[in-house]
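So that the names make sense, note that chain A is the first sequence line, chain B the second, and so on, each numbered from 1.
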Amino acid sequence: MPELPEVETVRRVLLSIIPRSPILDIRILTPKILQNVTPDEFCTRLTGEVLEDIQRRGKYLILLYTHEVLVSHLRMEGRYQFEENLEPTKHDHILFVWQEGILAYHDTRKFGTMHLFRREEDIWKMNPLQKLGPEPMDEIMSVSYLKKCFQKRKRAIKSTLLDQTIMSGLGNIYVDEILFRARIHPLRPASSLNDEEITQIISHSSSVLQEAIACGGTTIRTFAIGTIHGRFQHELQIHGKNECPICHTTIKKIVVGGRGTYHCKNCQCIDKSPSL
DNA sequence: CAGGTCTCCTGCTAGC
DNA sequence: TGCTAGCAGGAGACCT
């Protein structure tokens, strides 16, 4: 499933393959993907537009066209595929048509979303971007910032790190990896973390994401984004594993905030006393 | 405001 | 072999 590193990879690939010519036509096969505009409005406003740039914030793709901004979230299984001659299948929902070919938004579970804004609108003050917190590698990310966020939160650190309004970009798999590297139990109340542990979280969040971005960029086929296979899955230490790579204890899978959560009960102690 | 639960959706799998 | 119930999960809605 696409998380920040995958979205960043998609951003780079889309930048390289989307034609810099006017969109000739748009076909909406599944209207529910569109969040804040009608299908008619979406087609009218984007037809004739030319892509200028693509940005990313957290897991959102931000496509800047001449007069419009398309904000796309891939959720679980969303992906884009560009082909010269594309015959839509049952999971293709939105088609962007150029002289040079067709870009299809493909999403088996239809969880993905698209928002459309005008360039003059301040998208950072509107949903869904307005509530996003800083990314782990942003300058304003600091121990004092997170400490303040964690202060009144008694909920599990795992759930807290998945909250995109506090820190954006982390998904289920990466949070497990970060907490394992930081040796923090996923059920620890966020408010119980000390400065040293928060420092560890920031540093591992940043390094896990950057390693994953570096891996994601290596195995892309530039002609079809639907077939990205990142290398980072081979670097996972805890998520989906059976045995702890450090102490060889059997890894526990529990449910935290409704999310499958892997941790080593030996290396990631529930109380603060060091277990190594 | 914090936080828990439900919802969306469909492919996959465990169990019969 | 074939069927079905249940599960997975990001983020927003809704309730306490």
Side-chain angles (χ1 to χ4, degrees), chain A residues 1-11 28-37 56-62 71-80 88-94 104-116 123-136 146-179 186-193 205 209 212 226-227 230 233 236 238-242 251-263:
Chain A
M1 62 218 70
E3 300 194 23
L4 186 152
E6 289 79 5
V7 177
E8 176 59 23
T9 303
V10 171
R11 184 189 74 83
I28 315 288
L29 306 173
T30 307
K32 70 150 287 182
I33 301 291
L34 308 179
Q35 300 300 302
N36 66 339
V37 286
R56 180 192 55 71
R57 187 71 191 159
K59 303 175 202 170
Y60 289 90
L61 287 166
I62 301 164
V71 178
S72 166
H73 195 301
L74 307 173
R75 292 288 178 89
M76 314 299 300
E77 303 186 6
R79 55 188 205 221
Y80 286 96
T89 64
K90 69 170 178 172
H91 296 308
D92 291 325
H93 307 301
I94 314 277
Y105 176 70
H106 183 283
D107 189 344
T108 45
R109 294 190 190 175
K110 302 179 189 168
F111 273 15
T113 58
M114 290 186 193
H115 289 78
L116 189 65
I123 60 171
W124 305 109
K125 289 186 177 168
M126 307 173 77
N127 279 326
L129 300 178
Q130 66 171 344
K131 287 180 292 184
L132 283 185
E135 296 180 5
L146 273 193
K147 200 174 174 179
K148 202 177 167 188
C149 293
F150 289 177
Q151 233 166 23
K152 290 178 183 172
R153 297 189 191 254
K154 293 179 181 172
R155 72 192 317 207
I157 183 64
K158 161 91 188 227
S159 307
T160 307
L161 290 180
L162 284 172
D163 183 341
Q164 303 295 302
T165 67
I166 294 175
M167 178 148 67
S168 63
L170 300 183
N172 197 40
I173 295 172
Y174 290 92
V175 169
D176 282 2
E177 292 302 311
I178 290 158
L179 290 177
L187 284 175
R188 284 272 304 280
S191 57
S192 76
L193 301 202
S205 298
L209 290 182
T227 54
Q233 53 190 315
L236 297 179
I238 194 89
H239 192 92
K241 302 292 181 186
N242 296 317
I251 286 170
K252 286 277 275 182
K253 186 188 179 189
I254 56 176
V255 175
V256 181
R259 303 285 172 262
T261 300
Y262 295 82
H263 72 285

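A:Ser205 and A:Pro136 get closest at one heavy-atom pair: CB-CB, 3.6 Å. Of all non-hydrogen atoms in A:Lys154 and A:Pro189, the two that sit nearest each other are O-CB, 3.4 Å. Nearest approach of A:Gly112 to A:Ile33, heavy atoms of both residues: O-CD1, 3.6 Å. Counting all heavy atoms, side chain and backbone alike, A:Ser168 lies closest to A:Leu4 at O-CD1, 4.2 Å. Smallest separation of non-hydrogen atoms from A:Leu162 and A:Leu170: CD2-O, 3.8 Å.
Straight-line distance from the CG atom of A:Asp92 to the C1' atom of B:dC9: 16 Å, rounded to whole Å. For A:Lys154 and B:dG4, the NZ to P distance is 11 Å, given to the nearest whole Å. Rounded to whole angstrom, the span from the CG atom of A:Leu74 across to the P atom of B:dC9 amounts to 18 Å. Between A:Glu77 atom CD and C:dG9 atom C1' there is a gap of 9 Å when expressed in whole angstrom units. Put simply, CG on A:Leu161 is 15 Å from C1' on C:dG10, counting in whole angstrom units. Between A:Met76 atom CE and B:dC12 atom P the separation is 14 Å, expressed in whole Å. Protein atom CG of A:Leu132 is 15 Å distant from nucleotide atom P of C:dG10, rounded to whole Å. As a whole-Å value, the separation of A:Ile33 CD1 from B:dC9 C1' is 10 Å.
Using a 4.0 Å heavy-atom criterion, one finds that A:Lys253 contacts the sugar-phosphate atoms exclusively.
Under the 4.5 Å side-chain criterion, counting only non-hydrogen atoms from C-beta, A:Trp124 is not in contact with A:Leu132. Taking the side chain as every heavy atom from C-beta outward, A:Lys59 and A:Gln164 approach each other to under 4.5 Å.
Using a 4.0 Å cutoff on non-hydrogen atoms, the parts of residues 104-113 of chain A near DNA chain B are A:Thr108, A:Arg109, A:Lys110, A:Phe111, ordered by number.
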Secondary structure of DNA chain C in dot-bracket form (Watson-Crick or G-U wobble, distances below 3.5 Å, | marking inter-strand pairs): .|||||||||||||||

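Atom CZ of residue A:Arg155 and atom CG of residue A:Leu161 lie 10.5 Å apart, to the nearest 0.5 angstrom. Note: A:Ile166 CD1 to A:Thr160 OG1 = 5.5 Å, rounded to the nearest 0.5 Å.
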Sugar-phosphate atoms are those with a prime plus P, OP1 and OP2; base atoms are the rest. Using that split, label each nucleotide of nucleotides 11-16 of chain C B, S or - for protein heavy atoms under 4.0 Å, 5' to 3'. BS----

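For the side chain to side chain contact (heavy atoms under 4.5 Å, CB included) with A:His106, the lone residue among A:His91, A:Glu77, A:Lys90, A:His93 that qualifies is A:His91.
Taking only side-chain nitrogens and oxygens, A:Lys152 never comes nearer than 4.0 Å to OP1 or OP2 of B:dG3. The shortest distance between the side-chain N/O atoms of A:Lys90 and the OP1/OP2 oxygens of B:dG11 is below 4.0 Å. For A:His91 and B:dG11, the shortest distance from a side-chain N or O to OP1 or OP2 is below 4.0 Å.
Counting only distance, with no hydrogens or angles, the side chain of A:Glu177 and the backbone of A:Ile238 share a donor-acceptor pair below 3.5 Å. Between the side chain of A:Asn172 and the main chain of A:Gly260, a donor-acceptor pair closer than 3.5 Å is present.
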